[in-house]
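Notes follow the structure.
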Amino acid sequence: MNRAFNRKKDKSWMHTPDALAKHYIPYNAKFLGNTEVDQPKGTEIVKEAVRKLKFQRHIKKSEGQKTQKVELQISIYGVKILDPKTKDVQYNCQLHRISFCADDKTDKRIFTFICKDSESNKHLCYVFDSEKCAEEVTLTIGQAFDLAYKKFLESGGKDVETRKQIGTLQKRIQELETENSGLKKQLWELEEQLMIAPVPPAGSISLKPPMSTDVFDMVPFSAVTPLVPIPASNGTPPPPTTTSPPDMSKDLFGAEPFDPFTCGQADFPADIQSRLDEMQRQRWRGSKWD
């Protein structure tokens, strides 16, 4: 890494080696964003990226948007950019991909670093605003590089390949977690659909076929349908049903049979009664000659 800061030979590092090798050093800052640059290093390249992102921040402020706050976690493996509340990792800049790091000498609040993106292979300049620790963050990243380089020499270069494999596995884990979230969402939608669909209550399923109905949605009446006796609740059979012969003095509808010749004179008007009398006499004469 080409360092834009100078460290005196007699000046010791700010943190212990174990703090960066086994853990990480956290810093809070405001994230202005990142932008693509043409070169992996250079002071002028960084200055142009800072001017561009500062201009974009002024536009966002005029629209009422606030500058995003982030947490930086610096270790010998890289620089992680997280949401300070949820701790979700927004960017994971591996140390071997960072090619330049500097703090702005004209603006003590600004510090930057250039990192090569693992997917697009483009060089991106990340710009941050910190009122108190801009230079300290830059020095901490430099110390992480110093320790990582020593570890690289001790391991004979194997440690870099191990970190690359770890980075690939971490990326695959994130992809699987995203896929798992999508499957959980689909499962939840299917459960919602099953809950909306009507389900018959337990014990209400009947194997008996439904009785056919007429055009008025009524069960047709059958006069010859036998009545089936229902057993009593105490287990004893019901008394035998007695069937009486049909009453011949009534018609099918239970009414008295009508005979016009047996009706009294007061039942009909005079003209109708005279005709009935005439028909009765003719009937009598015919039966006499027979």
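Nothing fancy with the numbering, it's 1 onward along the sequence.
- Within the 4.5 Å cutoff, no side-chain heavy atoms of Arg97 are placed close to those of Leu95.
- Between the CD atom of Gln39 and the CD atom of Glu44 there is a distance of 12.5 Å, given to the nearest 0.5 Å.
- Trp188 belongs to no hydrophobic cluster, as no Ile, Leu, Val, Met, Phe, Trp or Tyr side chain comes under 4.5 Å of its own.
- In the hydrophobic cluster analysis, where Ile, Leu, Val, Met, Phe, Trp and Tyr join through side-chain heavy atoms closer than 4.5 angstrom, Tyr91 is grouped together with Val137.
- For Tyr24, there are no ring-ring contact (aromatic ring centres under 6.0 Å, His included) partners at least two apart in sequence or on another chain.
- Take Gln68 and apply the side chain to side chain donor-acceptor pair (under 3.5 Å) test, not counting sequence neighbours, and it matches Gln90.
- Identified under the ring pair (Phe, Tyr, Trp, His ring centres under 6.0 Å) test for residues 47-68, with sequence neighbours left out: none.
- In terms of hydrophobic clustering, with Ile, Leu, Val, Met, Phe, Trp and Tyr side chains grouped at heavy-atom distances under 4.5 Å, Val70 and Ile25 are assigned to a common cluster.
- Every salt bridge (Lys or Arg N to Asp or Glu O under 4.0 Å) that Glu278 has, sequence neighbours left out, goes to Arg281.
- Within a 6.0 Å radius of CD in Glu131, other residues, nucleotides and ligands contribute 12 heavy atoms or fewer.
- In this structure, Thr67 OG1 and Lys60 NZ are separated by 8.0 Å, a value rounded to the nearest 0.5 Å.
- Residue pairs meeting the side chain to side chain donor-acceptor pair (under 3.5 Å) criterion with at least one partner in residues 46-57, sequence neighbours excluded, are Thr35-Lys52, Glu48-Arg51, Lys54-Asp107, Arg57-Asp129.
- Ile74 and Ala144 make their closest contact through CG2-CB, 4.3 Å (heavy atoms, listed as atom of the first residue, atom of the second, distance).
- Residues Ile76 and Phe145 share a single hydrophobic cluster, defined by chaining ILVMFWY side chains whose heavy atoms lie under 4.5 Å apart.
- One distance of note links CZ of Phe128 with CG of Asn28; it measures 12.0 Å at 0.5 Å rounding.
- Side chains of Val46 and Ile114 form a contact here, defined as non-hydrogen atoms less than 4.5 Å apart.
- Residues Lys116 and Asn121 have side chains in contact (heavy-atom distance under 4.5 Å, counting atoms from C-beta outward).
- Side-chain contact check for Thr138 versus Phe113: every heavy-atom pair is 4.5 Å or farther apart.
- Residues satisfying the side chain to side chain contact (heavy atoms under 4.5 Å, CB included) criterion with Lys150, sequence neighbours excluded, are Asp146.
- Between Ile141 atom CD1 and Phe100 atom CZ the span is 12.0 Å, to the nearest 0.5 Å.
- Shown here are the side chain to side chain contact (heavy atoms under 4.5 Å, CB included) partners of Glu191, two or more places apart in sequence or in another chain: Leu187.
- The shortest heavy-atom contact between Val37 and Cys125 is CG1-CB, 3.7 Å.
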Decide side-chain contact (heavy atoms from CB on, under 4.5 Å) for Asp104 and Thr112; before the verdict, give the C-alpha distance in whole Å, the side-chain angles of both, and the deciding distance to 0.1 Å.
CA-CA 8 Å; Asp104 194 342; Thr112 65; over 6 Å; no
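- Applying the salt bridge (charged side-chain N to carboxylate O under 4.0 Å, His left out) test to pairs two or more places apart or on separate chains, those with a residue in residues 71-91 are Glu71-Lys87.
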Identify all side-chain donor-acceptor contacts of residues 176-184 below 3.5 Å with residues at least two apart in sequence or on another chain.
unit_1: Thr178; atom_1: OG1; unit_2: Gln174; atom_2: O; d: 2.9
unit_1: Ser181; atom_1: OG; unit_2: Glu177; atom_2: O; d: 3.0

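- The aromatic rings of Tyr126 and Phe31 sit parallel, their planes meeting at an angle under 30°, below the 60° perpendicular limit.
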Identify all side-chain donor-acceptor contacts of residues 15-23 below 3.5 Å with residues at least two apart in sequence or on another chain.
unit_1: His15; atom_1: NE2; unit_2: Tyr27; atom_2: OH; d: 3.1
unit_1: His15; atom_1: NE2; unit_2: Thr140; atom_2: OG1; d: 3.2
unit_1: Thr16; atom_1: OG1; unit_2: Ala19; atom_2: N; d: 3.4

Could you give me the CA-CA distance, side-chain angles and deciding distance for Glu136 and Asp103, then say whether side-chain contact (heavy atoms from CB on, under 4.5 Å) is met?
CA-CA 9 Å; Glu136 183 180 341; Asp103 56 274; over 6 Å; no
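- A distance of 11.0 Å separates CG of Leu139 from SG of Cys133, quoted to the nearest 0.5 Å.
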Where do Cys115 and Ile98 land on the side-chain contact (heavy atoms from CB on, under 4.5 Å) test, with the steps shown first?
CA-CA 4 Å; Cys115 181; Ile98 297 176; 4.2 Å; yes
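- Here the CG atom belonging to Asn34 is positioned 7.5 Å from the CD1 atom belonging to Ile81, to the nearest 0.5 angstrom.
- By the side chain to side chain donor-acceptor pair (under 3.5 Å) test, Ser120 pairs with Asp117, sequence neighbours left out.
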